[in-house]
Asks: 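One structure, pasted below without further comment.
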Amino acid sequence: MNTDSKRRERSALSTILSLLPGTTWLCLFMLAPLLVIVLISFCTRGDYGQVEHVFTFENYKRVAGYGTFGFDSVYPIILLRSIWLGACTVLLTAIAALPLAFVISKLPGKFRLLGLIIVVIPFWSNLLVRTFAWQMLLAPDSTLSRFAQWLHLVPSGTGLYPGSLAIYLCMVCDYLPFMILPVYASVEKLDWSLAEAAMDLGARGWPLFRHALLPQIRPGLLAGSALVFLPATGQFLIPDLLGGAKTVMLGNLLQQQFGQSRDWPFGSAIATLALLLLGAFLVLVRIVQGNRKVECE
Amino acid sequence: MYSLLLNETVFLRIEGLRRNYGSVLALNSIDLTIQRGEFFSLLGPSGCGKTTLLRLIAGLDYPDAGQILLNGADLATQSADKRPINTVFQTYALFPHLTIYGNVAFGLRMRGVHKAEIKERVDRVMKLVEIESLASRKPNQLSGGQKQRVALARALVNEPQILLLDEPMAAIDLRLRKQLQTDLRALQQRLGITFIYVTHDQEEALLMSDRVAVMNAGRIEQIGAPRDIYERPQTEFVAGFLGSSNVLRGRRIHCNNQTFLECALGRLQLDLSSAGNNQNDAPIAVSIRAEQIQFTRNTTQPNSFTGKVTRIDYHGAITNLLLQIGNNKLLMSTKGNEGAELRTGFEVKVHLPSDALRVLTR
Amino acid sequence: MNNRSSLFTRAAALLLVLFLYAPLIIVIKNSFNEAPFGLEWKGFTLKWYVKLWNDDLARSALKNSALLAIVSTTVSTILGTLLALGWSRASARWSKWISGLLYIPVCVPDIVMGVSLLLFYSMVRQWLGIFQLGLLTMILAHVTFQLPFVALVVRARLTGTDPAIVEAAEDLGANPWQRFLYVTFPLAVPGIAAGALLAFTLSLDDFVVSFFTSGPGSTTLPILIYSSIKRGLSPEINALSTLLIAASVIGTVFMALLEGEKLVKNSTPV
């Protein structure tokens with residue numbers, strides 16, 4: 001029909017016109033820079049830090065540990081350490097998010113949103129500010145450090161900062177909201193009758209949680225894991241401000257290459273690897289989610 | 001107030017209308033004529049295409065083939081905003097950001113009607129459906145019945161030539177529904193506007209309409225006055241959809257100037273007027289309404305059988321009995337106290353009047 | 001028993017909330033503390049705020065931050081709203097591609113985004129001579145990470161409204177432009193406002209992307225805080241941080257009031 005096709009054409013045209021500016025912007029300032037990164041990662045660093053368009057795999061070999069002076073484990077270790085930090089943060093935030101989500105979901109109706117806001121507000125304050133605050137909270141004369149000194153966890157007169165513990169504390173504090181929101185979304189929908197049925201059958205404690213509740217919360221946990229793992233692995237500010245030389249992470253390494261060392265091709269190779277890692281992780285999450293769906297059907 | 005443009009009685013004509021979504025045929029060659037001032041219902045189960053047909057008339061969707069003619073002019077060249085047709089949506093689709101007054105005035109404002117005239121017309125129509133007191137409220141402060149009235153006022157204020165109503169009672173609770181149905185019918189008769197009313201509720205369609213089109217699987221099964229389609233169903237679908245019927249299948253036998261259905265029950269005498277002119281020995285189906293089966297004492301009378309009561313469902317005004325006759329089951333409805341003494345396992349004698357037996361075309 | 005959480009769970013939750021708020025409390029407390037260093041309370045003072053107010057560096061950083069946040073929020077809100085409008089009308093196949101494109105900036109770690117833009121700007125500068133690092137390059141970068149969030153929030157609003165409402169407008173004689181002006185747009189306004197507020201907060205708080213795309217003279221508040229922390233503490237930082245916390249809290253509360261429930265419900269994107 002004539003009007004119909006004309007009408008559909010016009011509507012398609014206006015749809016395309018409204019999509020165009022935003023998508024063009026993202027292609028230009030998101031996709032193009034990522035493409036540049038991948039391309040530069042195959043280039044060579046000149047003597048003065050400039051990028052020379054000479055094709056090489058050298059940068060990737062260096063990340064893998066095979067540099068000019070034979071095998072050196074420093075870069076692979078940094079990579080693994082970052083993944084480890086990301087994984088630990090996921091685990092710790094998940095453990096912390098569950099009780100919070102349960103308590104909030106049990107609040108009377110109108111207080112639930114309030115509860116969520118209370119949990120999310122710290123997250124909206126600046127990350128720098130919070131990291132800086134942890135410097136103060138874990139300084140040698142702080143209550144927490146004194147407690148640790150009393151327990152002989154650290155020598156007297158030294159603080160918990162700088163160190164790994166400081167990094168983990170700050171990471172959990174920072175990424176908890178990313179985990180809580182999706183976990184809460186599934187906790188709120190929980191079918192408690194399943195738990196009651198399990199209790200009728202004599203389940204208590206861990207088995208009760210594992211069989212009656214966990215399967216229902218899993219989608220939220222999975223989404224939360226993705227939301228936490230991705231930025232946590234790339235985090236550079238927290239290790240930078242709270243860690244020492246022994247806690248260099250992927251992010252710090254990247255910053256070094258684009259800052260002091262001015263080795264852009266090597267930095268690009270690290271960034272490309274980080275992107276690949278991220279892609280692989282997302283695919284993994286998809287697969288796990290997919291399997292769950294199949295099981296449910 | 002509602003001027004008549006032409007004096008011809010056929011007002012809306014639909015010819016060969018077809019609509020498919022991908023490979024799904026939502027409407028299959030619909031032919032339909034609707035008279036001016038008629039209350040016309042489209043009745044059918046969900047997914048039968050009745051809402052699709054309504055959307056095509058409104059211009060919210062476009063047909064793949066066929067024509068919709070209003071006063072002889074093809075509507076295909078007009079988009080929904082240009083058609084002199086308005087709709088009451090199933091969800092009412094009131095504008096949540098506007099007051100009730102703003103909602104009702106919307107159509108006139110879009111057409112650039114003068115402010116003073118808008119005020120006058122909106123006030124008049126709001127009085128008509130008795131929502132004057134709600135003018136400054138927002139839609140989310142209204143009850144279902146009030147929302148329905150607002151939706152009605154919002155459409156009527158534009159003085160449409162046709163008003164389309166898409167299951168407007170679906171969101172109304174049962175007690176209120178009866179009242180609103182009679183109100184709506186009265187309103188339509190007062191205004192004389194053509195109403196096309198979509199519903200899946202047969203009682204509602206029979207109660208309110210001048211004519212009803214029963215739809216199934218994208219086709220119109222039968223069009224007629226309520227009594228017509230209820231008492232003289234032409235297809236097996238219509239017989240089954242309206243009320244409860246028994247369908248008997250068999251072969252047509254013609255002898256001694258009389259027509260019979262030869263079926264598993266035995267030989268049933270048919271009324272000549274309804275017997276159709278199928279060939280002798282042709283396979284036919286015949287329907288009989290549950291309430292048209294009668295008790296009898298005389299088994300020698302033609303079309304009489306002895307059966308066993310296998311189930312009794314008491315509904316108050318009526319009681320449904322499931323009878324077993326040989327290997328066949330027959331559903332029978334009795335009114336009031338008739339058959340109150342029956343228990344399952346009892347034997348009864350029933351009569352199937354030949355004028356209640358309808359030969360189905362499909 | 002299921003109507004109340006167990007005592008243990010509630011205690012754990014309370015402890016966690018304390019843990020989340022400890023950093024904020026310590027910063028706010030110290031901003032009013034007479035003692036320049038350390039945690040010991042030496043009496044109430046507003047002198048750090050006065051000092052901050054008279055600090056030229058802080059003032060220019062505030063000016064830069066405000067300018068950056070206002071301009072980038074304006075641009076990203078317009079682009080994001082347009083994108084959401086088109087997205088909500090796109091076919092399922094296109095919709096998948098668009099959401100893929102939008103989730104890239106959401107998923108890519110901000111440091112990778114920062115360095116990739118740094119490289120990209122320097123490449124373009126070599127060829128075309130534009131994109132000297134400064135406020136402009138920061139604005140472009142901020143719009144890039146704000147845009148998907150605005151689009152997601154606005155689209156959630158658009159798809160949450162009954163499509164019959166726009167059809168009703170058409171049925172009542174509104175042409176496409178009138179439908180947009182009198183129905184679609186007014187209904188999307190709370191979503192657009194929430195998206196803009198979110199974008200503004202993201203811009204104001206961003207350090208990493210700003211750090212890599214800033215140039216001389218375009219120092220923002222977070223960059224100022226970072227360099228102060230790195231240089232060794234200056235006590236005004238507590239005051240500055242307190243102000244930033246206050247700004248974020250106000251922004252979050254407003255946003256939650258606008259679109260809170262929807263944001264929570266749509267927070268499981270993967």
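Order of the sequence lines sets the chain letters (A, B, ...), proteins ahead of strands, with each chain counted from 1.
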Asks: For the pair B:Glu130 (side chain) and B:Lys127 (backbone), establish whether a donor and an acceptor sit closer than 3.5 Å, ignoring hydrogens and angles.
Replies: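 No: the side chain of B:Glu130 does not pair with the backbone of B:Lys127.
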Asks: I want to check something: taking the side chain as every heavy atom from C-beta on, are B:Val157 and B:Glu159 in contact at a cut-off of under 4.5 Å?
Replies: no
Asks: Relative to chain B, which of C:Pro163, C:Ala169, C:Pro186, C:Pro176 shows the most heavy atom pairs under 4.5 Å?
Replies: C:Ala169
Asks: What part of C:Asp171 lies closer than 4.5 angstrom to a heavy atom of chain B: side chain, backbone, both or neither?
Replies: both
Asks: Is a side-chain donor or acceptor of C:Asn175 paired with a backbone partner of C:Gln178 at a separation under 3.5 angstrom?
Replies: yes
Asks: Under the 3.5 angstrom rule, does the side chain of B:Ser41 hit a backbone N or O of B:Leu43 as a donor-acceptor pair?
Replies: no
Asks: When you compare the side chain of C:Leu67 with that of C:Ile139, does any pair of heavy atoms fall below 4.5 Å?
Replies: no
Asks: Name the member of B:Ala151, B:Gly107, B:Ala58 that forms the most heavy-atom pairs with chain C at distances under 4.5 Å.
Replies: B:Gly107
Asks: Using a 4.5 Å cut-off on heavy atoms from C-beta on, say whether the side chain of B:Met110 contacts that of C:Leu172.
Replies: no
Asks: Spell out the residues in residues 86-106 of chain B that have some non-hydrogen atom less than 4.5 Å away from a non-hydrogen atom of chain C, in order of number; otherwise answer 'none'.
Replies: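 From residues 86-106 of chain B, the residues near chain C are B:Asn86, B:Thr87, B:Phe89, B:Thr91, B:Ala93, B:Leu94, B:Phe95, B:Pro96, B:His97, B:Phe106.
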Asks: Given 3.5 Å as the limit, does a donor-acceptor pair link the side chain of C:Arg157 with the main chain of C:Ala188, or not?
Replies: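 No, C:Arg157 side chain to C:Ala188 backbone: no donor-acceptor pair under 3.5 Å.
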Asks: Test the B:Arg109-C:Tyr182 pair against the cation-pi criterion, namely NZ or CZ under 6.0 angstrom from the six-membered ring centroid and within 45° of the ring axis.
Replies: yes
Asks: Taking side chain as everything from C-beta outward and backbone as N, CA, C, O, which of these in B:Arg154 sits under 4.5 Å from a heavy atom of chain C? Side chain, backbone, both or neither.
Replies: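 When you check distances to chain C, atoms from both the backbone and side chain of B:Arg154 fall under 4.5 Å.
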